[in-house]
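Written below as structure tokens is the structure these notes are about.
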Number of protein chains: 2
Amino acid sequence: MGGGGDQGGRESRVRVDLTAVVIAMRDGEPHVLTVANDGASGVALPFGPLQAGHPTLQTGLRRWVEDLTHRKLGYVEQLYTFADHAPFQPNADHGADHQTISIAYLALAASPEDSATLQGRWRRWYGFFPWEDRRGGGPAARAHLLERLFAWAEAQRDAGDADCVERVRLAFGADGAAWDEERALERYEMLYEADLAPEAALDLGLEPSAAANGMPGLPMFADHRRILATAISRLRAKIKYRPVLFELMPAAFTLTNLQRTAEALSGVPLHKQNFRRLVAQQGLVEDTGAMATGTGGRPAKLVRFRREVTVERPAPGVRLRATRRGSYP
Amino acid sequence: MGGGGDQGGRESRVRVDLTAVVIAMRDGEPHVLTVANDGASGVALPFGPLQAGHPTLQTGLRRWVEDLTHRKLGYVEQLYTFADHAPFQPNADHGADHQTISIAYLALAASPEDSATLQGRWRRWYGFFPWEDRRGGGPAARAHLLERLFAWAEAQRDAGDADCVERVRLAFGADGAAWDEERALERYEMLYEADLAPEAALDLGLEPSAAANGMPGLPMFADHRRILATAISRLRAKIKYRPVLFELMPAAFTLTNLQRTAEALSGVPLHKQNFRRLVAQQGLVEDTGAMATGTGGRPAKLVRFRREVTVERPAPGVRLRATRRGSYP
DNA sequence: CGCCTTATAGTCAATCTGAGCATAAGGCGA
DNA sequence: TCGCCTTATGCTCAGATTGACTATAAGGCG
């Protein structure tokens, strides 16, 4: 893999797939577009072989996904290129025959109504990563997960990996460590290594271990759950310094809508007043003049995103500040 | 390009290249490893066809580059996957025959002594991007570049792209706009679009335009200068939130050494006292006990990187704060 | 021995941030 | 109709962070 230009190695042409993580909000929850797959693990991200004929990968992917979803994509970004469907599987024995490269993209779409023409199905992303939702509730399941994970980490420590317990503690914000919502990928990789993700066993051609069977979170085809975790990490980081959040919002929305979206993506409750101050200070939105009624209290202003900021400001994101107390008042 | 799993399109196997951007410090300046290339544009990044046999792309690349440079790499990160050697060339006519995917990696190496066994040559990175060095001097050449660029932008504006002049102003920090060192890629892409990079003409099979001929900065083979710009942007961003800077330092160094390295990479002068405060506060280094003599003044403490922070802190980077005045005292 | 150079410590004001209280304005039930 | 519940929005305040400066330390060198 990789060599000087002319050292005579077999220059194998490989199969290249595109994989798309398409995110949209429905009912205030982030959803991801999935397709049915023939294999045992039914749920998959949309993927397909790379085909020639587009000037760039990005425009090609955009066209393809827009055909699939029948709606315009607001934002497209390359995520990562994976060399195989189980990139960090230690004892892989795949020969040069079936080597596959898969180039993963993140795409954001406006909220979809259910259209009959859609090929695929939107699924709540926390269905795949329940432990990533820290907005409230469910600490019991989390405790169970941590227990399993620490048991594995202690075994690793005894086997020579001194830092393993500490790494788990920090990644999962246990025992007083701060929770960093951006480390979603790292957390998934830890669970995978600990054999607590059913895919880990499936990749080896085994039945899922007893441990993995009881674990929360839907598995996905091949390494698609890892790709989704990559997307979540990237998106959670990105909304803090780029105005991508607005690609998921309707044309007009209230500041609370915006905050709920930010919270749903990052999985963390935010401080209301400070969130508003930040959005206002950065000049990210402007009044539409209309008001939203039926919110159950005082009507809220409907605002719209100021597209101009994309030009005028270098880094106008929605900086997220989690409340210290970590729950709604 | 991209399609559903089984929609019967030609599933063309494509050629996949790895390209490496290997960075090291020499004489206080960042250098990049280059190789001679047969083509007209002599200077290229090391690249070669992907070869099977490694568990992950990353370890394969690491092995390959370590063979090339005869030294351990401190850090390896995937940069981007390019679909063709001129990804944003509008009127490309490449058929499906010679489609090439190129996966680019960023690698950091400790300072190299010149070894006879090295295949390749280290070159100062600002030789390729003189306008990216804002540590002092040379505003004359920069003014010349800006003049050319604004001339192009005004033509674009008259042709219908209303924001073009403003985008140039913001990207290049002209007319009072703040300079953002992380936008190196964006700046290169603008120069390319403006036909002020010789590669832009070469890609179209033409002689470099008169405009491009007079422009500063060495051109590179194919899209390698764009890949290098991607690496520079990524590295300049990364040193602010991850301790990658230390991968480029020797085992023991002074705080001034560290600051000079940070300045050389980011291309911006930093405020000395605040830089020290930041490094100290974050606990990134510890005393070795030894002192550095021969610095021309009071001897400085020699410190070393605290490897532990990689485990203990989630985001321990060297936050760079440019001085407002923008030059050394 | 005084002066030049660089290293390092400490101070201070402006700003930012996290968190609180207070008030506004709709709906709804008694 | 009036008070109460709910959400929206405005304002304050203390502590932390940041940008910039001053002062002192400790080598080398004429």
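Quick note on labels: first sequence line is chain A, next is B, and so on, each numbered from 1. For the numbers below, each heavy atom of this structure counts, side chains included, while hydrogens, waters and symmetry mates do not. Note that this is a predicted model, so its numbers are computed, not measured.
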Counting heavy atoms from C-beta on, name the nucleotide in [options] closest to the side chain of [X].
{"X": "B:K272", "options": "D:dG19, C:dT17, C:dT8", "value": "C:dT8"}
{"X": "B:R298", "options": "C:dT6, D:dC11, D:dT7", "value": "C:dT6"}
{"X": "B:H271", "options": "D:dA20, C:dA19, D:dA25", "value": "D:dA20"}

I need the [atom1]-[atom2] distance between [X] and [N], as an integer number of Å.
{"X": "A:L278", "N": "C:dT17", "atom1": "CG", "atom2": "P", "result": "7 Å"}
{"X": "B:R276", "N": "C:dT6", "atom1": "CZ", "atom2": "P", "result": "12 Å"}
{"X": "B:F275", "N": "C:dT6", "atom1": "CZ", "atom2": "P", "result": "17 Å"}
{"X": "B:R260", "N": "C:dA7", "atom1": "CZ", "atom2": "C1'", "result": "12 Å"}
{"X": "A:Q273", "N": "D:dC13", "atom1": "CD", "atom2": "C1'", "result": "14 Å"}
{"X": "A:Q282", "N": "C:dC16", "atom1": "CD", "atom2": "C1'", "result": "12 Å"}
{"X": "B:M291", "N": "D:dG28", "atom1": "CE", "atom2": "P", "result": "11 Å"}
{"X": "B:K240", "N": "D:dT17", "atom1": "NZ", "atom2": "P", "result": "19 Å"}

Closest-nucleotide 5' rank along DNA chain C - winner of A:P299 and B:L255: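 Whichever sits nearer the 5' end wins; that is B:L255.
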Give the ring-plane orientation class for A:F305 versus A:F246, where under 30° counts as parallel, over 60° as perpendicular and anything between as tilted.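 Judged by the thresholds at 30° and 60°, the geometry between A:F305 and A:F246 is parallel.
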Tell me whether B:R236 is salt-bridged to B:E132, with the criterion being a basic N under 4.0 Å from an acidic carboxylate O.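 Salt bridge: yes.
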With B:R134 as the cation and B:W179 as the aromatic partner, state whether NZ or CZ is under 6.0 Å from the six-membered ring centre and within 45° of the axis.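 Yes, a cation-pi geometry.
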Indicate whether the side chain of B:Y75 and that of B:E77 have a donor and an acceptor atom separated by less than 3.5 Å.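 There is such a pair (donor and acceptor under 3.5 Å, judged by atom type) between the side chains of B:Y75 and B:E77.
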B:N274 versus B:R277, side-chain donor and acceptor atoms under 3.5 Å: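 Their side chains do contain a donor-acceptor pair, which is all the 3.5 Å distance test asks for.
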Quick one: the side chain of B:Q281 and the base of D:dT18, do they pair up donor-acceptor inside 3.5 Å?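 Answer is no: no donor-acceptor pair is held.
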Does the base of C:dG18 carry an N or O that pairs as donor and acceptor with the side chain of A:R277 under 3.5 Å?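 Such a pair is found, so the answer is yes.
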Need one value for B:T256: base, sugar-phosphate or nothing, where a base atom within 4.0 Å counts as base even if backbone is also close, heavy atoms only.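 Contact class for B:T256: sugar-phosphate only.
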In Watson-Crick or G-U wobble terms, both distances under 3.5 Å, what is the partner of C:dC1?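 The answer is D:dG30, by the H-bond criterion.
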